[in-house]
Colleague: 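What follows is a structure written as structure tokens; I'll ask about it next.
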Amino acid sequence: MAQKSETEDKVIIFDTTLRDGEQSAGAGLTVEEKLRIAHQLASLGVDVIEAGFAASSPGDFEAVRRIAQEVKGPTICTLARAVPSDIDAAGKALEGIENTRIHTFISSSDIHLMHQMRKDREAIMDMAVESVKRAKQYTDDVEFSPMDASRTDPVYLHAMLEAVIKAGATTVNIPDTVGYATPEEFGALIKGIFENVPNIDQAVVSVHCHNDLGMAGANSLAAVENGARQVEGCINGLGERAGNAALEEVIMALETRPDHYKAGTGIHTKELGNASRMISNIFGFPVQYNKAIVGRNAFRHSSGIHQDAYLKDHSTFEIMEPETVGWRGEALVLTKLSGRAGLRARLAELGYRLNDEELTNVFTPFKDLADNKGEVDDRDLHALMSEQHRFADTERTYKVGDVHVVCGNDTEPEAGVTLLCPDGEHRSSTQHGTGPVDAVCKAIDSIIDMDVELTEFAVNAVTEGIDALGDVTIRVEKDGNVYSGRGADSDIVVASAKAYVNAINRLLVIGEQDAGAAVTAPTETV
Ligand code: KIV
Ligand code: ZN
């Protein structure tokens, strides 16, 4: 592994999991969930957290404000279109709080100007400059993005960057909004900016790459090679459409190859695994097995030849030590003999700091699982903690009580479900279905009396073996909005019931967060 050099530059890591990541189709987080993720991002040591888009909904406004108030360490940023009302909402969300940033953006490519904005270059330039000036009234730290920069006429792009820096932008972010650029082209674009924008030394050059052609990470790194010193992205590569650059990949490329990039980060890389698992659990987006850095196979050696060489010397087939990215594999396990102190200590290492009551709540399911499975590893613990965190703090939601099913190849599947309802009552229903999960969902529907459509259903085993916890992901759709739910249990029908109820709870909580909206979600760029 290459050594760090004394003279390497620092690349600012800007995490937008809570903003662009939340734009992933089928994602939707509650304020509490965003806060938990933001605390984990702070433990990871990211420099900037884009906590949301304050003007887009009351829920986003509250999330930005609470994260800015409660999460210490990173700069907390909110996105704003280049219009006064958005900038004012951003300023209000961050009011009175230190270490904050407003990130304002407007489209700059002719394709967007013609078809989306229906404005000419001069009008757009004025809006860009005015928005930066307005944002400066709220905070010194202002970032500006020309959206679709990689398809923008470079001469116009350079003029726009010069003008916004003159107006006070301290970071200029170059988005490859549609993931169209190749690494060579994107590197050249950044080089051109350094060569043609006279005041570029007064701002940090940032990049924000989308992954439509699978090149977001490579494009971000090509930008670093050409002088960019901020990279934006999301953990697990979440984000609009095919997602953004996966931050864990960019970070580990910089950390593993400082000899090549001559740049590093201030990231506590050991927290990457925890961040990835927490974000996957909360978003309800499983991580692909062979995903670089955080996939469950990322450090597993399967072929006999590889195993033999690896056992002689790890460097033969491993370029990073798994521990440096918080990948613990199955080495550390708890058993039914483990006590409260052991469980508490292990959970603290995984980033969950519990008070006595929270520990008591998780101890019983832990013991049940250890009784069933024998050994409980980190993946099980993450799944158990996700169950604990699922809206445990709210009185607006439903909780799964008893679940019974009768099914088989000669029986019409039947499910009986009892839910603890928000009014404190237990209600039960028994229904038939095409299979046990369908019957369970129908029983839940009849108790909650809500019309949702189940659009996606997936079961994964949390660990290996027949006794593994089943991890069910469900997506439901209502009024054109998609909500995800996740549930874990050693019985996959019970896990399905939990996931379905979790999706409905999320729908209720997010709907309530945004109800009576003073602000409505923007559908237009301006
Ligand atoms: O992809 C994009 O262009 C964006 C901007 C708002 C930075 O997300
Ligand atoms: Zn984006």
Side-chain angles (χ1 to χ4, degrees), residues 12-25 27 48-57 60 64 75 77-83 86-87 89-90 101-113 115-117 124 127-128 131-132 135 141-152 156-157 160-161 164 169-181 186 189-190 193 203-217 219-220 223 228 230-247 250 283 521-526:
I12 296 166
I13 299 296
F14 178 116
D15 181 282
T16 183
T17 307
L18 297 176
R19 197 277 297 168
D20 216 315
E22 210 206 5
Q23 286 173 219
S24 311
V48 185
I49 295 176
E50 189 160 54
F53 185 171
S56 69
S57 71
D60 250 38
V64 170
T75 298
C77 170
T78 174
L79 187 68
R81 291 170 302 170
V83 289
D86 272 30
I87 310 256
R101 172 181 299 186
I102 295 177
H103 174 193
T104 184
F105 73 101
I106 195 161
S107 289
S108 55
S109 68
D110 286 339
I111 301 181
H112 281 207
L113 264 54
H115 301 295
Q116 183 189 14
M117 314 291 292
I124 294 290
M127 289 172 74
S131 69
V132 170
D141 189 343
V142 174
E143 172 169 330
F144 174 80
S145 293
M147 188 155 82
D148 205 17
S150 53
R151 294 193 298 170
T152 298
Y156 181 58
L157 179 66
M160 185 178 261
L161 295 178
V164 294
T170 42
T171 300
V172 285
N173 179 45
I174 311 304
D176 181 24
T177 302
V178 289
Y180 182 72
F186 200 63
L189 177 68
I190 301 304
I193 288 170
V204 173
V205 174
S206 166
V207 290
H208 175 112
C209 298
H210 278 269
N211 206 30
D212 299 65
L213 293 173
M215 294 193 280
N219 284 341
S220 306
Q230 175 174 290
V231 174
E232 303 194 357
C234 298
I235 297 294
N236 297 342
L238 293 174
E240 185 83 39
R241 303 183 312 282
N244 291 75
L247 275 186
V250 173
F283 272 75
T523 51
E524 293 177 351
T525 311
V526 289

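It should be emphasised that the depicted structure is a prediction, and the values quoted were computed from it without experimental measurement. Indexing begins at 1, ligand by ligand and atom by atom, following the structure's order.
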Colleague: How far is atom 5 (C) of ligand 1 from the closest protein heavy atom, and which atom is that?
Modeller: Arg19 NH2, 4.1 Å

Colleague: So between Glu232, Glu240, His210, whose heavy atom ends up nearest atom 1 (O) of ligand 1?
Modeller: His210

Colleague: Among the N/O/S atoms of Asp20, which is closest to the Zn ion (ligand 2)? Give the atom name.
Modeller: OD2

Colleague: Between Cys234 and Thr17, which heavy-atom pair has the shortest distance, and what is it?
Modeller: CA-OG1, 3.5 Å

Colleague: What's the separation between atom CD1 in Ile111 and atom CE in Met117, rounded to the nearest 0.5 Å?
Modeller: 14.0 Å

Colleague: Measuring from the Zn ion (ligand 2), name the closest N, O or S atom belonging to His208.
Modeller: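 Looking only at N, O and S atoms of His208, the one nearest the Zn ion (ligand 2) is named NE2.
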
Colleague: Taking all non-hydrogen atoms of both residues into account, name the closest pair between Val250 and Gly217 and its distance.
Modeller: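 Between these two residues, the closest heavy atoms are CG2-CA, 4.3 Å.
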
Colleague: Just need the protein heavy atom nearest to atom 3 (O) of ligand 1, so name the residue and atom and give the distance.
Modeller: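 It is Thr177 OG1, 2.6 Å.
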
Colleague: Within ligand 1, which atoms have a heavy atom of Met147 less than 4.0 Å away?
Modeller: 3 (O)

Colleague: List every atom of ligand 1 that sits less than 4.0 Å from any heavy atom of Asp20, numbering the atoms from 1 in the order shown and giving each element.
Modeller: 8 (O)

Colleague: Can you tell me which residue and heavy atom of the protein come closest to atom 4 (C) of ligand 1, and the distance to 0.1 Å?
Modeller: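 Of every protein heavy atom, His208 NE2, 3.5 Å lies nearest to atom 4 (C) of ligand 1.
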
Colleague: Any side-chain heavy-atom pair from Glu232 and Glu143 closer than 4.5 angstrom?
Modeller: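 Side chain of Glu232 against side chain of Glu143, heavy atoms only: contact under 4.5 Å found.
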
Colleague: Any idea which heavy atoms bring Asn244 and Asn211 closest together, and the distance?
Modeller: O-CB, 4.4 Å

Colleague: Distance-only, no hydrogens or angles: does the Thr78 side chain make a donor-acceptor pair with backbone N or O of Ala54 under 3.5 Å?
Modeller: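 Answer holds: yes.
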
